[in-house]
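Structure first, commentary second.
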Amino acid sequence: MPKKPTKWIICFTKTKNTAFYRFWTWTRKEFSHVFAVRYYPEYNQWFVMDFNDQGFRYKIYKDDSATHLIAFLIKRCICVDYTPKSSKSYTPLWLYCTTFIKHLVNIRKFWIVTPYQLYCELLKQGGKVIFTEDEKKVKK
């Protein structure tokens with residue numbers, strides 16, 4: 001039986017890039033980094049998977065720390081609720097935040113190199129923007 005794809009919250013945010021890809025993101029600073037979050041209701045825990053110029057980070061948030069995480073997602077991120085179409089693996093040639101998330105959600109389009117391009121692709125494939133404040137507008 002095929003494995004069911006995992007639902008993710010893909011989060012885009014502004015950050016101080018120091019790696020080579022900072023040149024790809026300077027026109028859309030609010031999309032200069034991407035990471036993934038997943039909620040496990042059976043444990044009442046949030047899991048964050050992040051790959052940046054400091055390396056890979058996997059962190060668990062619960063109780064008060066989860067409250068701070070949600071506040072961060074609402075105030076400083078643009079979040080897309082997304083379930084991959086399949087659970088097959090995609091192996092990127094380069095590894096940085098965008099290719100890491102593409103691997104996680106099985107986006108195989110090699111021309112997607114920036115977080116903003118990934119954001120647009122997730123929306124095209126049925127992802128929904130969540131955790132937004134009433135006045136917050138996402139420019140396309």
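Counting only distance, with no hydrogens or angles, the side chain of Lys102 and the backbone of Lys109 share a donor-acceptor pair below 3.5 Å. Although no hydrogens or angles enter the test, the distance criterion places no donor-acceptor pair under 3.5 Å between the side chain of Thr13 and the main chain of Cys77. Side chain of Tyr96 to main chain of Val113: a donor-acceptor pair is present (N/O by atom type, distance under 3.5 Å, no hydrogens or angles).
Within the 4.5 Å cutoff, the side chain of Trp8 has no heavy atoms near those of the Val37 side chain. Taking the side chain as every heavy atom from C-beta outward, Asp81 and Cys79 never approach each other to under 4.5 Å.
For the side chain to side chain contact (heavy atoms under 4.5 Å, CB included) test, residues two or more places apart in sequence or in another chain that qualify with Ile70 are Trp46, Leu73, Ile74, Phe131. Evaluation of the side chain to side chain contact (heavy atoms under 4.5 Å, CB included) rule for Phe56 yields Met49, Phe51, Tyr58, Phe100 as partners, not counting sequence neighbours.
Counting all heavy atoms, side chain and backbone alike, Pro115 lies closest to His33 at CG-N, 3.9 Å. Pairing each heavy atom of Val129 with each of Ile78, the nearest pair is CG1-CG2, 4.5 Å.
Taking CG of Asp64 as the start and CG of Leu69 as the end, the distance is 12.5 Å to the nearest 0.5 Å.
Shown here is Lys59, whose NZ atom has no more than 12 heavy atoms of other residues, nucleotides or ligands within 6.0 Å.
Side-chain contact, Gln45 with Tyr61: no donor N or O sits under 3.5 Å from an acceptor N or O. A donor atom on one side chain and an acceptor atom on the other are not found under 3.5 Å apart for Glu121 and Gln117.
Evaluated for a side-chain contact (heavy atoms from CB on, under 4.5 Å) with Leu118, the options Val34, Thr99, Val80 yield exactly one hit, Val34.
Ring geometry, Tyr40 versus Phe47: the interplanar angle exceeds 60°, so the pair is classed perpendicular (tilted spans 30 to 60°).
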